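All of these numbers come straight from a predicted model, not from anything done at the bench.
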Amino acid sequence: MTRFLPVILTAVAITGVAIFNGFTTNRWSGGINAKAEACAAYLEFVPTEVGPWVGEQNDDVDERIRDVAGVVGEPISRRYRHRDTGEVVDLWLIVGHSSLIVRHTPNICYKTAGFRPEEEDHHYKIPVEGEQPMTSWTNLFYRQTPDGQAIQLRVFWMWYKPQPGAPVQWDAPGHEVNDARDVYAGSKALFKMYFTTPARSPDELPDESAATKFAQDFVPELNALLANAAEGKAPPTVAASEDADGAGEAAADAA
């Protein structure tokens with residue numbers, strides 16, 4: 001019997017981990033993550049126009065990509081274009097359980113897509129007027145197409161964990177990209193955001209990137225929206241609709 005003890009203990013350990021993972025990711029509750037779903041409702045109201053930036057129609061995201069990325073609700077996959085300069089920035093904004101949201105970062109996915117990193121992954125602070133700077137990871141990725149075209153993309157990525165009573169703060173915690181797994185472990189609702197834009201040259205610095213300019217215009221409006229999510233308040237148009245309904249009922253009662 002004792003010779004089977006290591007096998008039995010290993011099986012018990014694996015089963016325990018599977019059960020724990022099932023509960024933390026809501027696998028045993030029909031896959032329903034109420035907190036993430038409540039946060040996902042706000043993504044519908046992410047502005048399509050911010051300052052000089054105009055967003056194009058939200059792209060459809062393949063179901064397989066949604067599953068792998070851990071997306072709850074409708075993701076934002078949208079290109080914004082500057083009215084005057086023509087610069088473009090692609091936004092990827094999702095929410096879900098941290099067990100998947102912290103994974104599949106650009107330093108992994110872009111390599112899989114044939115890009116090579118031109119730098120070491122490093123932190124960059126994006127200044128935001130009237131708020132604390134956003135801390136992101138960033139890197140420059142390069143790929144040559146079969147027809148010889150060179151593609152250079154600057155990518156910024158970061159996370160936000162909604163917490164009641166705390167300001168909206170986007171962050172890229174730790175000294176390594178994978179440190180986010182420990183920092184956000186067990187979080188039922190975690191946002192992840194990418195800014196991606198073509199780099200003008202291999203020497204372009206992060207503060208020269210169109211994505212940095214876009215973030216400075218876009219993030220204050222996004223943060224104002226997500227602050228309601230952290231407090232469990234209704235999305236703005238829903239709240240306005242409820243207020244209007246209430247005013248209509250009050251007027252009817254008065255009549």
Side-chain angles (χ1 to χ4, degrees), residues 17 20-21 23-26 33 35-36 39-40 43 65-72 75-76 89-113 115-128 131-142 153-197 199 204-209 211-212 214-216 218-220 222-223 226-227 229-230:
V17 170
F20 174 77
N21 186 63
F23 277 114
T24 57
T25 61
N26 301 286
N33 182 342
K35 186 170 184 179
C39 288
L43 297 185
I65 295 176
R66 292 172 182 247
D67 291 342
V68 170
V71 174
V72 171
I76 298 296
V89 177
D90 291 326
L91 171 68
W92 173 246
L93 176 59
I94 62 175
V95 65
H97 195 284
S98 64
S99 59
L100 291 176
I101 295 295
V102 293
R103 301 181 182 180
H104 312 294
T105 46
N107 60 322
I108 297 172
C109 298
Y110 275 73
K111 290 179 184 177
T112 304
F115 285 86
R116 73 166 186 255
E118 296 290 275
E119 308 167 344
E120 293 290 330
D121 298 328
H122 61 281
H123 283 118
Y124 176 71
K125 289 186 179 295
I126 301 176
V128 179
E131 302 185 28
Q132 291 294 317
M134 303 167 59
T135 302
S136 72
W137 286 104
T138 188
N139 208 329
L140 187 67
F141 295 91
Y142 173 87
L153 299 175
R154 167 67 64 184
V155 185
F156 301 84
W157 67 100
M158 65 221 78
W159 296 268
Y160 162 57
K161 178 183 176 181
Q163 299 183 80
V168 178
Q169 183 64 54
W170 292 91
D171 202 2
H175 300 288
E176 303 289 340
V177 174
N178 287 339
D179 289 348
R181 299 186 183 189
D182 296 327
V183 173
Y184 296 122
S187 301
K188 289 190 174 182
L190 183 67
F191 287 92
K192 179 164 67 174
M193 181 161 60
Y194 296 174
F195 300 129
T196 305
T197 188
E204 183 181 77
L205 299 174
D207 58 0
E208 300 170 328
S209 171
T212 300
F214 170 73
Q216 291 169 337
F218 175 76
V219 169
L222 176 66
N223 286 358
L226 297 187

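Remark: aromatic rings of Phe156 and Phe195 are distant, center separation not under 6.0 Å.
Thr196 contributes no side-chain N or O that, together with a main-chain N or O of Val155, makes up a donor-acceptor pair within less than 3.5 Å. With hydrogens and angles disregarded, no donor-acceptor distance shorter than 3.5 Å links the side chain of Ser136 to the backbone of Thr138. Judged purely by atom type and a 3.5 angstrom limit, Thr112 uses its side chain to pair as donor or acceptor with the backbone of Ile108. A donor-acceptor pair under 3.5 Å is absent between the side-chain atoms of His97 and the main chain of Asn33, judged by distance alone. Formation of a donor-acceptor pair under 3.5 Å by the Lys192 side chain with backbone atoms of Arg103 is found in this model.
Atom CG of Asp90 is separated from atom OH of Tyr194 by 13.0 Å, given to the nearest 0.5 angstrom. The structure places CD1 of Ile76 at 9.5 Å from CG of Leu222, a figure rounded to the nearest 0.5 Å. Summarising the geometry, atom OG1 belonging to Thr105 is positioned 11.0 Å from atom CG belonging to Asn139; distances are rounded to the nearest 0.5 Å. Between the CG atom of Asp179 and the CH2 atom of Trp137 there is a distance of 7.0 Å, given to the nearest 0.5 Å. Of the inter-residue distances, the one linking Ser98 atom OG with Asp182 atom CG reads 10.5 Å to the nearest 0.5 angstrom. Taken to the nearest 0.5 Å, the CG atom of Leu226 stands 7.0 Å off from the CG atom of Leu93.
Here the closest non-hydrogen pair linking Ala199 and Leu140 is CB-CD1, 3.5 Å. The shortest non-hydrogen separation linking Ala36 to Val95 is O-CG1, 3.9 Å.
You'll find the side chain of Val219 stays beyond 4.5 Å of the side chain of Ile126, heavy atoms only. Side-chain contact check for Pro220 versus Val128: some heavy-atom pair is nearer than 4.5 Å. Using a 4.5 Å heavy-atom cutoff, the side chains of Tyr110 and Pro117 are not in contact.
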* **Full working for side chain to side chain contact (heavy atoms under 4.5 Å, CB included) between Phe214 and Thr197** => CA-CA 10 Å; Phe214 170 73; Thr197 188; over 6 Å; no
Return a table of donor-acceptor pairs under 3.5 angstrom between the side chains of residues 158-172 and protein atoms on other chains or two or more places apart.
{"from": "Trp159", "atom 1": "NE1", "to": "Ile101", "atom 2": "O", "distance (Å)": "3.2"}
{"from": "Gln169", "atom 1": "NE2", "to": "Pro133", "atom 2": "O", "distance (Å)": "2.9"}
{"from": "Trp170", "atom 1": "NE1", "to": "Asn223", "atom 2": "OD1", "distance (Å)": "3.0"}

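Residue pairs satisfying the salt bridge (charged side-chain N to carboxylate O under 4.0 Å, His left out) criterion with at least one member in residues 118-128, sequence neighbours excluded, are listed as follows: Arg116-Glu118, Glu119-Arg154.
Partners of His122 under the ring-ring contact (aromatic ring centres under 6.0 Å, His included) rule, at least two apart in sequence or in another chain, do not exist in this structure.
Between Phe115 and Phe141, the angle of the ring planes goes over 60°, which puts this pair in the perpendicular group of the 30/60° scheme.
Heavy atoms from other residues, nucleotides or ligands lying under 6.0 Å from CD of Glu208 number more than 12.
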